[in-house]
Trainee: 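Please find one structure pasted underneath; my questions will follow.
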Amino acid sequence: MHQQFQDCIDACNACADACDNCAAACLQEGHASEMARCIALNMDCAQVCRLSAALMARGSQFAAALCRVCADICRACAEECGKHSMDHCQRCAEACRRCADACARMAAA
């Protein structure tokens with residue numbers, strides 16, 4: 001079952017990794033209070049991406065519904081990270097956009 005979702009699973013895992021990296025980098029840069037929204041969205045996004053990937057891998061009946069939510073959170077994270085010029089934020093924004101697109105496609109299937 002999970003083979004049909006593999007592209008989305010891969011996008012979710014890559015996004016979660018990028019979000020974890022971005023949050024950690026934001027915390028280490030010395031202006032974490034200015035990046036609070038970015039860090040919070042990174043953490044939310046990483047969690048929902050990992051859960052979405054797990055539900056797809058199991059063929060859960062709730063995978064499509066969670067992927068719709070995941071796409072929304074990924075879009076919000078991409079928008080926030082896209083506002084910042086740091087490389088890690090820009091990489092995260094791109095991973096989030098890819099994941100949002102993949103999750104939206106999966107949820108519509």
Trainee: Do any N or O atoms from the side chain of Gln90 and from the backbone of His84 form a donor-acceptor pair under 3.5 angstrom?
Mentor: yes
Trainee: Phe62 and Phe5: same hydrophobic cluster, using ILVMFWY side-chain contacts below 4.5 Å?
Mentor: no
Trainee: Do you reckon Val48 sits in the same ILVMFWY cluster as Leu55, going by side-chain contacts under 4.5 Å, direct or chained?
Mentor: yes
Trainee: Report yes if the side chains of Cys19 and Cys49 come closer than 4.5 Å at any heavy-atom pair, otherwise no.
Mentor: no
Trainee: Is there a side-chain contact (heavy atoms from CB on, under 4.5 Å) between Cys81 and Cys22 once you walk through the steps?
Mentor: CA-CA 9 Å; Cys81 283; Cys22 188; 3.9 Å; yes
Trainee: Would you give the length of the straight line joining atom SG of Cys99 to atom CD1 of Ile9, rounded to the nearest 0.5 angstrom?
Mentor: 11.0 Å
Trainee: Counting N and O atoms only, with roles assigned by atom type, does the side chain of Ser60 sit under 3.5 Å from a partner on the main chain of Met56, one being a donor and the other an acceptor?
Mentor: no
Trainee: CD of Glu79: more than 12 outside heavy atoms within 6.0 angstrom?
Mentor: no
Trainee: Pairing donors with acceptors under 3.5 angstrom, does anything connect the side chains of His88 and Gln28?
Mentor: no
Trainee: Please, which pairs that meet side-chain hydrogen bond (donor to acceptor under 3.5 Å, both in side chains) have at least one residue in residues 94-108, sequence neighbours excluded?
Mentor: Glu94-Arg97, Glu94-Arg98
Trainee: Can you list the steps and then say if Leu51 with Gln47 is a side-chain contact (heavy atoms from CB on, under 4.5 Å)?
Mentor: CA-CA 6 Å; Leu51 183 56; Gln47 287 290 326; over 6 Å; no
Trainee: Working to the nearest 0.5 angstrom, can you tell me the gap between Cys26 SG and Met35 CE?
Mentor: 3.5 Å
Trainee: Measure across Ala32 and Leu27 and return the closest heavy-atom pair with its distance rounded to 0.1 Å.
Mentor: CB-CD2, 4.0 Å
Trainee: Say you draw a straight line from SG of Cys96 to CZ of Arg91; how long is it, rounded to the nearest 0.5 Å?
Mentor: 12.5 Å
Trainee: Hey, could you give me the SG/CD distance between Cys38 and Glu80, rounded to the nearest 0.5 Å?
Mentor: 5.5 Å
Trainee: What's the shortest heavy-atom distance between Ala95 and Ala14, and which atoms?
Mentor: CB-O, 4.4 Å
Trainee: So which atom in Ala64 and which in Met106 form the shortest heavy-atom distance, rounded to 0.1 Å?
Mentor: N-CE, 3.7 Å
Trainee: To the nearest 0.5 Å, what is the distance between CG on Leu41 and CD1 on Ile73?
Mentor: 8.5 Å
Trainee: From Cys77 SG over to Asn42 CG, what is the distance, rounded to the nearest 0.5 angstrom?
Mentor: 4.5 Å
